[in-house]
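Everything quoted here is computed from the prediction, not taken from an experiment.
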Amino acid sequence: MRLRSAVPGGALVYAMLSMLHQSASAPAVLVGAGDIADCMSPGSQATAALLDSIPGTVITIGDNAYPNGSATDFARCFNPTWGRHKARIRPTPGDHDYVTARGAEYFRYFGPAAGEAGKGYYSYEQGAWHIVALNSVIPNGATSAQAAWLSDDLAHTNKRCILAYFHHPLFFSSNATAPGAGVNEYERAFWDILYRAGATLVLNGDQHQYERFAPQMPDGRPDPVNGIREIIVGTGGASVGAPTVTRKNSEVRNGDTFGVIKLTLQPDHYAWQFIPVAGRSFRDSGSGTCHGKPAARAPLSDPDAVLPEPPVRKPAYLTPIFPDPFGLKVTRISGDSGTPIRFSAGGRGGWGADSRQHYSNDQPWSADGALLAIQNGRGGSPSYVYLDGETYRPVRAPCANYDSYDDRWHPSRSHARERISVDRTDKLSWFDVTTCRETRSWVLPMPVRGIGENPSDDGRFMALSDERQAFVVDMDPQPPLAPYPSKRFGPPRDLTNDCELPDGCNVNWVSISPSGKYAVVNYHGDHLRVYDVNPATLVLTPRPMPTTYPKCSGKANNGFIYDLGHQDLTLNPFDQNEDVIIGQEHCGNKAQRLAGGRVLVGGVMMVRLRDGAITALTNPTNEAYPYHISTRNYDRPGWVYVSYWPASGRRFSDEIVAVKMDGTGAVERFAHTRTETADCYRCESHAVPSRDGKRIVWASTWGVKPRKGAPPPVIQAYVVDAR
């Protein structure tokens with residue numbers, strides 16, 4: 001038998017002479033219970049007598065020695081009964097075991113069998129099964145060291161069958177005044193991790209009863225295919241009592257019989273038996289199969305359905321939910337305002353009341369996916385937080401020598417931990433946020449106002465502006481050009497002296513295109529203008545377009561294209577990787593036919609930068625109004641991600657939807673944003689996908705409405721996961 005304890009990198013082996021070797025194909029037996037030895041009750045003597053005739057590994061599921069887990073309690077109450085099987089016991093602690101000196105006597109009594117002292121969680125193998133013993137008394141939330149250990153432990157097992165046992169159950173039937181009304185959210189993180197890993201069984205104690213549940217998800221919904229079966233066996237001998245309130249999905253309950261559960265663990269399946277003490281008749285038995293990891297649920301793909309938005313309680317921090325009608329995993333990745341942040345790389349901070357990703361066209365995940373950057377405002381410290389890109393636990397604060405005034409992740413995996421940054425004056429730099437080292441820097445030919453959009457997709461070119469002039473920077477010159485640190489700037493181009501817009505030429509932003517061939521200027525009112533970038537000189541020249549569309553602004557022969565709102569730039573794989581810009585329809589032609597009747601204008605429109613040709617990506621029929629557009633899914637070309645305004649009775653109302661760029665109208669529907677945005681810019685969802693397009697992060701007030709004249713509600717970041 002192999003034990004994997006909480007000791008980093010080590011295996012804990014003990015009492016090997018008392019254990020028989022079990023091959024991966026042989027059946028294994030576990031037998032045990034929780035809430036065991038109380039000198040005031042004869043129950044533990046009766047249950048210990050059952051163990052005398054049942055071979056296999058004995059498990060204890062917490063509250064081993066009453067009332068205080070003291071040395072006396074173990075010596076007088078536990079040792080004469082269950083203690084005679086000590087050589088084959090694999091224990092877990094309960095709250096009564098921790099009354100005395102934080103479980104010191106529990107760890108002393110069981111020794112190495114209890115895992116590392118002070119931790120008490122470990123894993124081992126039984127035949128074809130991977131067994132995990134956890135400690136529900138110490139911190140075990142989503143950000144705890146124990147949860148991180150559990151995730152790592154399960155990631156390293158190749159067993160299809162997984163069983164976990166720990167003292168406190170997540171679900172239970174109870175009397176009407178029991179805490180949590182039959183749900184103990186403190187154990188939710190265990191379940192989330194176990195469910196994702198494909199665990200089959202969870203055994204618990206604490207409730208002094210026997211209870212068996214149907215397989216279910218961590219949020220309590222039945223799941224006969226991939227769900228975890230929970231069995232409570234708090235019948236080890238201390239006392240028993242019947243519940244008066246029945247929790248949903250509960251199949252069997254008994255509160256008047258001491259006894260133990262015997263599990264026969266076969267490859268790919270198992271059988272359970274509740275065995276009562278002498279003189280009692282209640283029994284329960286059955287069997288089940290191992291299911292492995294649950295298959296990923298795909299986003300909904302029906303473009304025509306109007307989906308209801310049922311009320312859903314705001315999820316706890318790092319505690320996933322699976323809200324209807326989508327059923328995809330949603331996780332809040334911002335902590336509660338005012339609560340502490342402890343960074344795994346060292347240091348502390350505090351969560352603010354506005355902790356969310358920056359904007360829909362700013363990719364928050366680093367190029368390798370290892371880090372996720374979110375802003376932490378309104379009382380938060382530090383102002384930026386870097387999370388683990390998978391677990392969303394806080395990793396590090398910004399380096400003390402880094403000015404993150406306006407920055408983006410470098411899009412290349414060769415520079416995955418580097419941010420491209422513009423300071424408050426005339427400096428452009430690349431900065432590694434993990435080594436706190438500036439890797440490249442430039443003094444610009446003039447002061448600029450931050451970063452307009454994004455660098456080119458290879459991270460080489462950037463267009464910068466002071467809101468009057470713009471120029472292009474080649475940050476990574478390639479042969480035959482001299483490499484960095486050779487500086488290569490294009491000449492500044494005045495953007496305001498020839499735009500000929502009736503409302504003036506106020507510049508919102510300037511961006512290089514993904515290929516680096518073009519620059520795009522956004523004038524106030526979302527009027528878009530395309531410039532050619534001379535590859536030799538980096539000179540900017542307006543690119544004449546063949547067509548001016550009705551109700552749009554600016555002259556086509558001066559570089560103006562179809563007006564779009566909340567836009568993003570990308571390459572179109574369905575059109576030889578042409579540079580395109582995609583946004584909400586902004587010329588006022590929705591549901592009209594343009595381009596000689598070939599294009600029925602929808603809410604989401606795509607414009608080719610080379611010639612201004614338009615393509616409708618959505619059908620306008622009963623379509624809600626598009627909000628923000630993101631194409632930051634670098635590694636999943638051909639899709640654009642759209643968040644929609646609420647519009648009761650309309651398609652895509654308050655949804656996050658991926659739309660295919662081939663013009664077919666194909667969609668993937670992920671989640672409702674559940675945010676209220678009246679007069680609150682930071683309350684807007686600004687949904688942006690991960691690089692592979694399988695996850696989306698967005699901001700939400702989770703249904704709390706802003707009140708005029710009052711501070712904005714709490715704004716936090718959420719991730720929906722379709723992997």
Q) Does Arg632 make a cation-pi contact with Tyr634, if we ask for NZ or CZ under 6.0 Å from the ring centre and within 45° of the axis? A) yes
Q | Within 45° cone of Trp702 ring axis and under 6.0 Å: Arg674 NZ or CZ | A | yes
Has [X] got a side-chain atom pairing as donor or acceptor with [Y]'s backbone, closer than 3.5 angstrom?
X: Tyr484; Y: Ser441; value: yes
X: Ser511; Y: Gly452; value: no
X: Asn454; Y: Pro411; value: no
X: Arg356; Y: His358; value: yes
X: Thr547; Y: Tyr549; value: no
X: Asn589; Y: Gln592; value: no
X: Trp409; Y: Pro364; value: yes
X: His686; Y: Glu684; value: yes
X: Asp654; Y: Ala647; value: no
X: Glu578; Y: Asn572; value: no

Looking only at the side chains, is there a donor atom on one of [X] and [Y] sitting less than 3.5 Å from an acceptor on the other?
X: Arg543; Y: Tyr531; result: no
X: Glu676; Y: Thr701; result: no
X: Asn361; Y: Glu453; result: yes
X: Ser421; Y: Asp423; result: no
X: Arg468; Y: Thr496; result: yes
X: Asn376; Y: Ser383; result: no

Under 4.0 Å between a side-chain nitrogen and a carboxylate oxygen: does that hold for [X] and [Y]?
X: Arg493; Y: Asp498; result: yes
X: Arg460; Y: Asp474; result: yes
X: Arg393; Y: Asp388; result: no
X: Glu438; Y: Lys427; result: yes
X: Asp579; Y: Lys517; result: no
X: Arg440; Y: Asp476; result: yes
X: Lys555; Y: Glu500; result: yes
X: Arg408; Y: Glu418; result: no
X: Glu668; Y: Lys694; result: no

Q: Could you walk me through whether Tyr402 and Tyr384 pass the ring pair (Phe, Tyr, Trp, His ring centres under 6.0 Å) test, one step at a time?
A: CA-CA 11 Å; Tyr402 179 54; Tyr384 240 103; 8.4 Å; no
Q: Would you check if the distance from the ring center of His672 to the ring center of Tyr718 is below 6.0 Å?
A: no
Q: Quickly, which of Arg682, Gln716, Gln375 forms a side chain to side chain donor-acceptor pair (under 3.5 Å) with Asp354? Name it, please.
A: Arg682
Q. Do Asp526 and Gln567 pass the side-chain hydrogen bond (donor to acceptor under 3.5 Å, both in side chains) test, and can you show the C-alpha distance, the side-chain angles, and the key distance before you say yes or no?
A. CA-CA 9 Å; Asp526 287 318; Gln567 326 84 347; 3.2 Å; yes
I need the minimum non-hydrogen distance between [X] and [Y], along with the two atoms involved.
X: Trp442; Y: Lys487; answer: CD1-CG, 4.0 Å
X: Leu328; Y: Ala722; answer: CD1-CB, 4.1 Å
X: Arg669; Y: Asp304; answer: NH1-N, 4.3 Å
X: Ile341; Y: Ser381; answer: CD1-O, 4.3 Å
X: Val667; Y: Phe652; answer: CG1-CZ, 4.1 Å
X: Phe461; Y: Ile512; answer: O-CG2, 3.7 Å

Q) Only one of Asp635, Asp458, Asp368 forms a salt bridge (charged side-chain N to carboxylate O under 4.0 Å, His left out) with Arg413, so which one is it? A) Asp635
**Q.** Working for side-chain contact (heavy atoms from CB on, under 4.5 Å), residues Val530 and Phe560
**A.** CA-CA 6 Å; Val530 179; Phe560 283 89; over 6 Å; no
Q. How about Ile582 and Leu617: do any of their side-chain heavy atoms sit closer than 4.5 Å?
A. yes
Q) Under 4.5 Å between any side-chain heavy atoms of Arg593 and Val601, yes or no? A) no
Q: Please check if atom CZ in Arg437 has more than 12 non-hydrogen atoms from other residues, nucleotides or ligands closer than 6.0 Å.
A: no
Q: Dump the intermediate steps for side-chain hydrogen bond (donor to acceptor under 3.5 Å, both in side chains) on Asp362 and Ser360, then the final yes or no.
A: CA-CA 6 Å; Asp362 182 358; Ser360 53; over 6 Å; no
